[in-house]
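Please read through the structure below; I'll follow up with questions.
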Amino acid sequence: MAGFDKRVASLEEALDGLEDGMTVIAGGFGLCGIPENLIQAIRDRGTRDLTVVSNNCGVDGFGLGVLLEDRQIRKIIASYVGENAMFERQMLDGELEVELTPQGTLAEKMRAGGAGIPAFYTATGYGTPIAEGKETRVIDGRDYVLEHAIRGDFAIVKGWKADWYGNVIYRHTAQNFNPLAATAGRITVVEVEEIVAPGELPPSQIHTPGIYVDRLLCGTFEKRIEQRTLSA
Amino acid sequence: MAGFDKRVASLEEALDGLEDGMTVIAGGFGLCGIPENLIQAIRDRGTRDLTVVSNNCGVDGFGLGVLLEDRQIRKIIASYVGENAMFERQMLDGELEVELTPQGTLAEKMRAGGAGIPAFYTATGYGTPIAEGKETRVIDGRDYVLEHAIRGDFAIVKGWKADWYGNVIYRHTAQNFNPLAATAGRITVVEVEEIVAPGELPPSQIHTPGIYVDRLLCGTFEKRIEQRTLSA
Amino acid sequence: MALTREQMARRVALELQDGFYVNLGIGIPTLVANYIPDGMQVMLQSENGLLGMGRFPTEDELDADMINAGKQTVTAVPGASIFSSAESFAMIRGGHIDLTVLGAFEVDVQGNIASWMVPGKLIKGMGGSMDLVAGAENIIVTMTHCSKDGQSKLLPECTLPLTGAGCIRRVLTDLAYLEIIDGAFHLKERAPGVTVEEIAEKTAGKLVIPDHVPEMSFA
Amino acid sequence: MALTREQMARRVALELQDGFYVNLGIGIPTLVANYIPDGMQVMLQSENGLLGMGRFPTEDELDADMINAGKQTVTAVPGASIFSSAESFAMIRGGHIDLTVLGAFEVDVQGNIASWMVPGKLIKGMGGSMDLVAGAENIIVTMTHCSKDGQSKLLPECTLPLTGAGCIRRVLTDLAYLEIIDGAFHLKERAPGVTVEEIAEKTAGKLVIPDHVPEMSFA
């Protein structure tokens, strides 16, 4: 690897340095736009005691759910448990530490982590349990909660196309948390469906500039659908 | 105008409701990506005592400089005076109130204004005159300054292409502050070079979603160049 | 008779206005999209990052990368835009959504809402609901008037952990349409065939009943 | 002999590394781009919203919508990206830039820098400089050692309003390359033909002079 070529040869190389106890920020919403292969590679690696930051935690047997199955996750920062039975059970049993965080606050915390904003105020969650123990303040007559940025040792991200400098474009709503996660990892790893030469992606249409990306690789994706709804 | 059709018929209509003493946030950096026609229309309208929020204030005789000439601006929030002689003179003479704000903080304050973040912490400016009178705080061992969001009564924005729902795409570095300004106006007016039918712009490539845009019109632009530098 | 889910959706749809950007929560709120009046344009925001959500896809259009906040496969309308979750919630938190419709477990006379957990029993998570209730000026809560075991969900004070404090002004249940003003539910409309007495009996929070409570209409 | 502007740029260029994302300020820093060693890839960030700034355009390529932070018309290299000012400063403030080079009026032994105003006389404005010095771990200040009237610009304490506090570790002047460590300038290299004595005389802030101060090399 020389200059700005972010391509790595394998999933192992992509996760080199990932150790027990680290924090991993993952892109994706539900099963849409999740870094399927990197998640599987973390499972194969057997890394434990992870703190995972992700909007939700996959489903039983797919997505981040596989790391729950193997008890590799110590703590989750997420907005939604939903229909993930193992997530809910491990949480209610106290096996899994969960920091439930409103979706917009979670997105903003990731963005702030990447953007050098250590903390910000939001009205979200004021007067609710998630504001307990947090500083609050009245600004222009309204109540706000102070929320802190999130950074991760690793960020794992799913893109659509990238050039080998790590400029990434996402496809449709598979964008979701991915560009935010990408900014907030000390090491950011992106897997995409197609890698092209620098210059092939229009500069003004890049969603994640390559400066945020440390390692890049190409994969194939199952793209499981959670709710297959069709028009009559 | 019905539904989401944001097109207005004239510059007068675009600025309807702009009154003396209001705050106007303007996109543009230097003379690049400035809403030339809307600025001229504010001049023609003769609105006075304006607070203008813009990275800089044009040059003598062009861009926001024409509003300085006519003494229509009471206060400027900007990061750069630069080579604008009238700006510097009015400021040093005390005719013009100036709130110099670091460029990144200014951009973030506009974004925060549009995004419902009333205030945020940044290391920028800590220990300098711009932190005077502002609250500071140590977070994880580092010093930060509390900065507040900016909103405007009007935002004036220059785009490249838009559909008539107000979805905007910017061209090259004429993007700059424009998408941020667009989010922070109570009334956001956008002038573009071309208006197309909804559906013609790719959804994932919209820089400013139409939800931020209240009024849209098409104009022609001089696009004056400040530093014409050429390769030998 | 208590309203059906479809009737509830139809009643909420009357609150729509031409040119509204609207966020519809999961469940009954989602059905509102089926009752947008003819000739009215409404754009649906889905908080996972889509403004201009369209109908469900055909088999040919089906695309795993195109879902809504309920994880359902959807399409985009012409003029839609797609963006990150940070941008999506910038829109929501920044007050740019004209109307938000969402479900709840409980609402109280102070405009508090509880919708995301039942301690020890069920934790769905708040998803985007806390941001939605904090960001919107204009919210309609849709829910059944009582729980399955007959307990009122319109309370003097929410018993479950809150989603938002003091943010709800309008509630549509299967029995009534109510507004929350100065610490009380004001009964504005009743479902066809439902008596004021039944509503009063099933409303645990303070209820203000005007002399005349019209029957709800759906168009 | 004092270094020329070009020699200063060449010396700074030695600090570049393959794969660095670099922000170059206006003036001497801009010239550094001309001395990137062969075979080394460096990507230039321009804080108005361009990562991957290229050379000046030809007459045919000239485009008013394509400028750098110095308002000069430029081109983009293959693999460039263009974004908003908020994104640009997210990058800067978030510490993603590997090296920042910028000019100054004064620097002091505490690593303070002043570069944006002379009270009563001149106000350029800080532009992006306050964000750049706050966001970068790795900054080189380039400036002449003395002002035009012969006053040292390396001070015990800055006299002008600060751009940033305690953020500068490295200074290249036309006379010397110095590092700021524990409240003193440490003389690391001297310009060819410039004596340690001259540097000592022209440095107002505390100066630490090691036994051997090598002459600067440029390659």
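Labels below follow one simple rule: chain letters A, B, ... track the order of the sequence lines, proteins then strands, and each chain is numbered from 1. In this text the structure is predicted, and so the values were computed from the model without any measurement.
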- Quick one: of B:Pro179, B:Ser79, B:Ala131, who has the most non-hydrogen atom pairs under 4.5 Å with chain D? B:Ser79
- With only heavy atoms counted, which part of B:Gln103 is less than 4.5 Å from chain D, the side chain, the backbone, both or neither?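 Both parts, backbone and side chain.
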- Task: Output yes when B:Lys158 and B:Glu193 qualify as a salt bridge under the 4.0 Å nitrogen-oxygen rule, no when they do not.
- Result: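 Yes, charged N to carboxylate O under 4.0 Å.
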- Message: Does this structure show an ion pair linking B:Lys223 with D:Asp65, if we count only N-O contacts that are shorter than 4.0 Å?
- Response: yes
- Task: Could you check which of B:Gly127, B:Ala174, B:Ala123, B:Pro129 has the highest count of heavy-atom pairs closer than 4.5 Å to chain D?
- Result: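 Maximum pair count with chain D is reached by B:Pro129.
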- Message: Between B:Leu100 and chain D, with a heavy-atom cut-off of 4.5 Å, which part of the residue counts as in contact: side chain, backbone, both or neither?
- Response: both
- Item | Over 12 foreign heavy atoms within 6.0 Å of CG, B:Asp140 | no
- Contact winner vs chain D - B:Arg171, B:Glu108, B:Arg224, heavy-atom pairs under 4.5 Å: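 With the most close heavy-atom pairs to chain D, the winner is B:Arg171.
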- Does the cation-pi check pass for B:Arg186 over B:Phe154, that is, NZ or CZ under 6.0 Å from the six-membered ring centre and within 45° of its axis?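 Ring-cation test returns no.
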- Query: Should the pair B:Arg137 and B:Tyr144 be classed as cation-pi, given the thresholds of under 6.0 Å to the six-membered ring centre and 45° from the axis?
  - Reply: no
- Message: Does any backbone or side-chain atom of D:Glu61 lie under 4.5 Å from a heavy atom of chain B? Answer side chain, backbone, both or neither.
- Response: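 Neither part; nothing is under 4.5 Å.
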- Option in D:Ala64, D:Ala165, D:Ala90, D:Ala114 with maximal non-hydrogen atom pairs under 4.5 Å from chain B: D:Ala64
- Message: Can you tell me which portion of D:Ile67 sits under 4.5 Å from chain B's heavy atoms? Options are side chain, backbone, both or neither.
- Response: both
- Which one, B:Leu106, B:Thr101, B:Asn84, B:Val98, leads in non-hydrogen pairs under 4.5 Å with chain D? B:Thr101
- Task: Heavy-atom pairs under 4.5 Å with chain B are the metric here; pick the option from D:Ser88, D:Gly166, D:Ala134, D:Gly127 that has the most.
- Result: D:Gly127
- Where on D:Asn68 is there a heavy atom nearer than 4.5 Å to chain B: the side chain, the backbone, both, or neither?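 Just the backbone, heavy atoms under 4.5 Å.
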- Query: Cation-pi between D:Lys71 and B:Phe29: NZ/CZ under 6.0 Å from ring centre and within 45° of the ring axis?
  - Reply: yes
- Item | chain D interface, residue from B:Leu180, B:Leu31, B:Asn178 that has the most non-hydrogen pairs under 4.5 Å | B:Leu180
- Between B:Arg111 and D:Glu87, is there a side-chain N and carboxylate O pair less than 4.0 Å apart?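 Answer for the salt bridge query: no.
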- Query: Can you say whether B:Leu230 sits under 4.5 Å from chain D via the side chain, the backbone, both, or neither, judging by heavy atoms?
  - Reply: both
- Query: Who wins among B:Ala78, B:Gly125, B:Pro102, B:Ala107 for the most heavy-atom pairs under 4.5 Å with chain D?
  - Reply: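 Among the listed options, the one with the most contacts to chain D is B:Pro102.
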- Quick one: what part of B:Met110 sits under 4.5 Å from any heavy atom of chain D, side chain, backbone, both or neither?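 Neither the backbone nor the side chain of B:Met110 comes within 4.5 Å of chain D.
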- Message: Between B:Asn56 (side chain only) and B:Gly30 (backbone N and O only), is there a donor and an acceptor less than 3.5 Å apart?
- Response: yes
- Message: Looking only at heavy atoms and a cut-off of under 4.5 Å, which of D:Gly49, D:Ala86, D:Pro57 has the most pairs with chain B?
- Response: D:Pro57
- Query: If every non-hydrogen atom of D:Trp116 is compared with every non-hydrogen atom of D:Leu162, which pair is closest and at what distance?
  - Reply: NE1-O, 2.8 Å
- Any chance you could lay out the side-chain contact (heavy atoms from CB on, under 4.5 Å) test for D:Glu15 and D:Arg170, step after step, and finish with the verdict? CA-CA 11 Å; D:Glu15 304 297 314; D:Arg170 296 193 279 166; 2.5 Å; yes
